[in-house]
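In what follows, chains are A, B, ... by sequence order, proteins preceding strands, each numbered from 1.
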There are 2 protein chains.
Amino acid sequence: MEDSDSYILESQIGFVMRRVVQRHIAIFSSLIPDLTPTQFAALVKLCELGQASQNELGRLTSMDVATIKGVVDRLRGRGLVLAEPLASDKRRLTLTPTPQGKVLFRKLVSRAREVSQQTLSPLSEAESQQLMVLLRKLG
Amino acid sequence: MEDSDSYILESQIGFVMRRVVQRHIAIFSSLIPDLTPTQFAALVKLCELGQASQNELGRLTSMDVATIKGVVDRLRGRGLVLAEPLASDKRRLTLTPTPQGKVLFRKLVSRAREVSQQTLSPLSEAESQQLMVLLRKLG
DNA sequence: TAAAAATTGTTTGTGTACAAATAGACTGTG
DNA sequence: CACAGTCTATTTGTACACAAACAATTTTTA
């Protein structure tokens with residue numbers, strides 16, 4: 001292949017996305033030091049649902065069973081989420097946000113919006129919309 | 001705030017990107033089971049440069065000092081990269097790809113291109129270009 | 001030149017992320 | 001009813017990713 005040396009790392013979608021995600025996470029943790037993006041996502045979803053089993057919550061937040069377990073454990077450890085065995089299905093763990101969890105969620109929502117906004121700040125409004133549309137097709 | 005409940009997780013740039021990255025990594029490891037995306041990035045860059053210090057390589061591949069160390073250690077462990085202390089600066093570790101590392105790189109380049117292509121396959125050519133332009137602004 | 005500042009690499013600790021294996025519990029079908 | 005398959009949660013192991021602290025070495029600069 002005569003073009004075997006023309007692989008530009010910096011032009012690969014994976015590499016570029018890794019950098020964008022890094023920047024996003026940096027913005028997130030500067031605006032919301034209380035929680036990680038993943039923890040916040042789980043809390044958001046649980047507040048939205050009211051309650052869910054652990055696996056269910058994982059599915060809805062795109063987290064692996066092992067990953068969601070760790071995330072939920074940490075949220076429980078901080079008193080933001082309550083876990084109770086479900087009588088009608090002994091396999092399941094029913095998760096609910098605690099009052100504390102709900103308060104924190106409400107406190108952080110506006111900050112979270114700011115995180116998204118700041119992440120997209122190098123783009124115009126139209127470009128941001130464009131980007132979201134395109135990314136959605138890849139998700 | 002009357003809009004405090006209108007935080008749609010699925011519409012946030014961070015959430016969507018996490019999902020896209022997940023998909024990309026899945027494609028990568030199905031096409032290139034030999035290396036992780038990060039390891040491949042480091043190998044690519046090192047082959048391109050011929051040689052580099054560890055920190056330098058980290059900077060050029062957007063990896064933290066602790067991260068690049070782990071990645072390089074694993075590449076060294078597999079005989080793909082050689083590390084030698086630099087006489088003229090005793091702090092530095094000079095990294096070079098081994099012949100084996102170069103061979104593997106050349107063998108995987110076309111697959112790597114396929115990874116990018118497959119990741120972008122839900123988009124048209126024009127859309128892909130558009131996306132890359134937009135992401136580049138956020139990187 | 002001597003002290004301050006910066007750089008390189010290492011280590012430790014925390015937090016995703018996924019694969020694979022396991023145990024216990026449910027569901028469906030024969 | 002039994003049992004095969006499915007589902008939930010846990011555990012273990014590997015691999016990023018970053019913060020913070022450290023030692024050893026340059027480099028600056030006063």
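Look at CZ on B:F15: it is 10 Å from P on C:dA17, rounded to the nearest Å. Rounding to whole angstrom units, CG of residue B:D73 and P of C:dT10 are separated by 7 Å. Atom CZ of B:F40 is separated from atom C1' of D:dA15 by 18 Å (rounded to the nearest Å). In this structure, A:L93 places its CG atom 14 Å from C1' of C:dA25, rounding to the nearest Å. Note: CZ (B:R19) to P (C:dC18) measures 11 Å, nearest angstrom. Rounded to a whole Å, the CZ atom of B:R76 is 11 Å from the C1' atom of C:dG9. We find that CG of A:L75 is positioned 17 Å from P of C:dT14, with the value rounded to whole Å.
Put simply, the side chain of A:R18 does not reach to within 4.5 Å of the side chain of B:V21, judged on heavy atoms.
Put simply, A:I25 and A:M17 are part of the same group of oily side chains (I, L, V, M, F, W, Y) that touch within less than 4.5 Å, one to the next.
Residue-environment remark: CZ (B:R19) stays at or below the threshold of 12 foreign heavy atoms within 6.0 Å.
Between A:I68 atom CD1 and A:L75 atom CG the span is 8.0 Å, to the nearest 0.5 Å.
The pair A:E114-A:R111 does not meet the salt-bridge criterion, since no charged nitrogen lies less than 4.0 angstrom from a carboxylate oxygen. By the 4.0 Å N-to-carboxylate-O rule, B:E56 lies too far from B:K45 to be salt-bridged with it.
For DNA chain D, no neighbouring residue in residues 54-61 of chain B is found when judged by any heavy atom under 4.0 Å.
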* Quick one: what's the B/S/- string for nucleotides 17-27 of chain D, heavy-atom cutoff under 4.0 Å, read 5' to 3'? -> BBB----BBS-
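Between A:T36 and the phosphate of C:dT16, there is a side-chain N or O to OP1/OP2 separation shorter than 4.0 Å.
Residue-to-nucleotide proximity on DNA chain C shows that, of B:K69 and A:Q39, the 5′-proximal contact is made by B:K69.
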* After noting the C-alpha distance and the side-chain angles of B:L131 and A:I13, does the key distance pass the side chain to side chain contact (heavy atoms under 4.5 Å, CB included) rule? -> CA-CA 9 Å; B:L131 177 65; A:I13 175 77; 3.9 Å; yes
* Take B:R76 and B:V72 through the test side chain to side chain contact (heavy atoms under 4.5 Å, CB included) and record every step on the way to the result. => CA-CA 6 Å; B:R76 289 170 66 182; B:V72 165; 3.6 Å; yes
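Ring geometry, A:Y7 versus B:F40: the interplanar angle exceeds 60°, so the pair is classed perpendicular (tilted spans 30 to 60°).
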